[in-house]
Amino acid sequence: MNAHHSHSHPHGPTDAETRPPKQEQEEATTEITEVAPGILRTQLPISMPGLGHVNCYVLEDERGIAVVDPGLPGAESWTHLVDRIGRAGYAVTDVHTVVVTHSHPDHFGGAMRLRHETGADIVTHESFRTMYDAAISEESEDSDDLVVNSPDDQAAAIERYMTRPSPWGGRRSGPPLAFIERMRADSEGGEHFFDRLVPTRPLIDGQTIRLARREWVAMHTPGHTNDHLCLYDPEFGVVFTGDHVLPTITPHISGLGPFQDPLAMFFDSLTRMAEMSDVKVALPAHGHPFADLRGRAEDIIEHHGDRLDVIRGASDNLPAGTVNDYMKVLFRERSWGEMAESETYAHLEHLRELGEFTRASVDGIARYTAV
Ligand SMILES: [Zn+2]
Ligand SMILES: [Zn+2]
């Protein structure tokens with residue numbers, strides 16, 4: 001499942017052997033906690049490196065409830081979702097709105113089934129697009145006769161898409177084949193994994209939406225993904241931060257995607273968080289609610305600034321270094337792999353955009369040299 005979150009975690013290296021589990025690693029409990037007026041925190045189990053649960057927030061109002069990030073696809077997660085909604089005092093049929101902060105499966109997975117069962121509105125940023133959408137639409141454009149409407153066809157399209165070479169010449173990160181296979185098998189059992197999740201209420205930055213009896217302002221916060229959405233309630237000073245700002249781990253920044261410099265976008269999105277002065281509680285997608293959004297956003301900016309300095313400092317010893325060379329400088333060995341490469345690539349491309357490095361391609365492999 002790890003890589004599936006592909007563009008998303010490992011959230012940087014962890015020290016699982018030596019430190020107590022970080023809050024994002026805690027296993028999901030069945031606890032229901034009111035974390036802000038009319039907002040309940042529930043936790044759904046997920047199992048990925050560095051992550052033990054995803055927070056699914058329940059927002060109460062006169063029409064029923066909205067849920068934010070309803071967990072992974074699949075029957076198992078659905079059972080937990082139904083349980084948590086019940087413990088909060090509601091039924092699935094009370095769900096009128098599903099907010100999805102971004103296009104990772106532990107966040108959007110439960111949305112399709114909720115949509116099917118209740119007709120709930122799906123709220124995302126307008127640029128929301130899953131890798132499955134990308135895989136399938138790309139193949140449809142390439143090929144006249146490919147009909148990608150069966151789970152088998154779709155699983156195959158995703159597998160092909162995810163195993164294309166990366167822009168730097170290495171292998172691309174993607175979901176383990178076992179995960180695709182499980183999704184394909186579950187699809188035969190009536191799940192809707194490969195259905196396109198089409199937002200019914202796509203939001204743009206600055207637009208407002210009424211949930212939990214108050215107005216929320218949409219904040220487009222690209223970086224972790226291009227389509228990341230935060231919601232801000234100025235009345236009570238509450239922000240849903242998704243994976244954009246997490247309490248103790250830094251979200252994975254993937255160099256793959258439509259934009260040249262995702263790290264620059266992430267810095268901009270973090271700066272917006274750091275500049276918000278009246279926040280009382282930040283509600284992250286993993287880990288505990290926290291108060292100091294400004295301080296946490298500044299810490300993450302500093303973390304990536306430090307990583308850039310490490311690359312700058314290593315460049316003397318790495319003439320024409322590859323992404324893989326720099327990955328070995330940035331990450332401890334147990335984190336080496338496609339995701340670490342992708343994050344390294346994002347940092348090198350950022351330095352290239354800043355004019356500090358140049359890139360040449362030698363035998364299809366990108367090589368970076370400090371200017
Ligand atoms: Zn994510
Ligand atoms: Zn996540």
Side-chain angles (χ1 to χ4, degrees), residues 1-12 14 21-28 41-57 67-74 77 80-81 98-111 123-125 127-134 162 173-176 179 197 219-231 239-257 259 262-263 265-266 269-270 273 282-290 296-297 300 304 338-340 342-343 346:
M1 187 57 223
N2 154 29
H4 185 33
H5 219 62
S6 81
H7 337 298
S8 42
H9 307 270
H11 288 124
T14 57
K22 290 179 172 273
Q23 25 174 292
E24 293 87 346
Q25 290 175 303
E26 292 170 1
E27 279 186 29
R41 177 189 180 215
T42 81
Q43 304 155 55
L44 300 172
I46 58 173
S47 161
M48 307 181 204
L51 295 173
H53 66 275
V54 61
N55 294 323
C56 173
Y57 295 100
V67 295
V68 179
D69 288 345
L72 288 168
S77 184
H80 289 284
L81 178 63
V98 181
V99 177
V100 177
T101 57
H102 66 291
S103 55
H104 283 153
D106 49 329
H107 302 261
F108 73 77
V123 177
T124 67
H125 183 257
S127 63
F128 182 86
R129 194 164 188 246
T130 68
M131 76 166 106
Y132 313 124
D133 296 337
M162 294 314 301
S173 62
F179 178 74
L197 182 64
M219 298 182 75
H220 182 214
T221 46
H224 175 59
T225 63
N226 301 315
D227 55 13
H228 200 288
L229 174 73
C230 294
L231 291 179
V239 184
F240 288 106
T241 61
D243 279 2
H244 178 45
V245 184
L246 295 169
T248 73
I249 59 180
T250 58
H252 177 59
I253 298 304
S254 169
L256 301 170
F259 295 102
L263 186 56
M265 298 170 92
F266 190 47
S269 299
L270 287 167
M273 295 284 125
L283 300 176
H286 310 279
H288 305 179
F290 57 98
R296 185 59 194 143
I300 298 172
H304 287 287
E338 300 132 26
M339 293 179 64
S342 163
E343 182 149 339

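As the structure lists them, so they are numbered: ligands from 1, and atoms in each ligand from 1.
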The residue among Asp243, Asp227, Thr130, Thr225 that forms side-chain hydrogen bond (donor to acceptor under 3.5 Å, both in side chains) with His102 is Asp243
For the Zn ion (ligand 1), find the closest N/O/S atom belonging to His224 and write down its atom name. NE2
Report the residue from His286, His288, Gln43 that forms a side-chain hydrogen bond (donor to acceptor under 3.5 Å, both in side chains) with Glu26. His288
The Zn ion (ligand 1): angle it makes with ND1 (His104) and OD2 (Asp243), nearest 10 degrees: 170°
Would you check if the Zn ion (ligand 2) lies under 2.8 Å from any N, O or S atom of His286? yes
How wide is the angle at the Zn ion (ligand 2) spanned by Asp106 OD2 and His107 NE2, rounded to 10 degrees? 80°
Taking atom types as modelled and ignoring hydrogens, do the side chains of Asn226 and Ser127 form a donor-acceptor contact shorter than 3.5 angstrom? no
For His220, side chain to side chain donor-acceptor pair (under 3.5 Å) partners two or more places apart: none
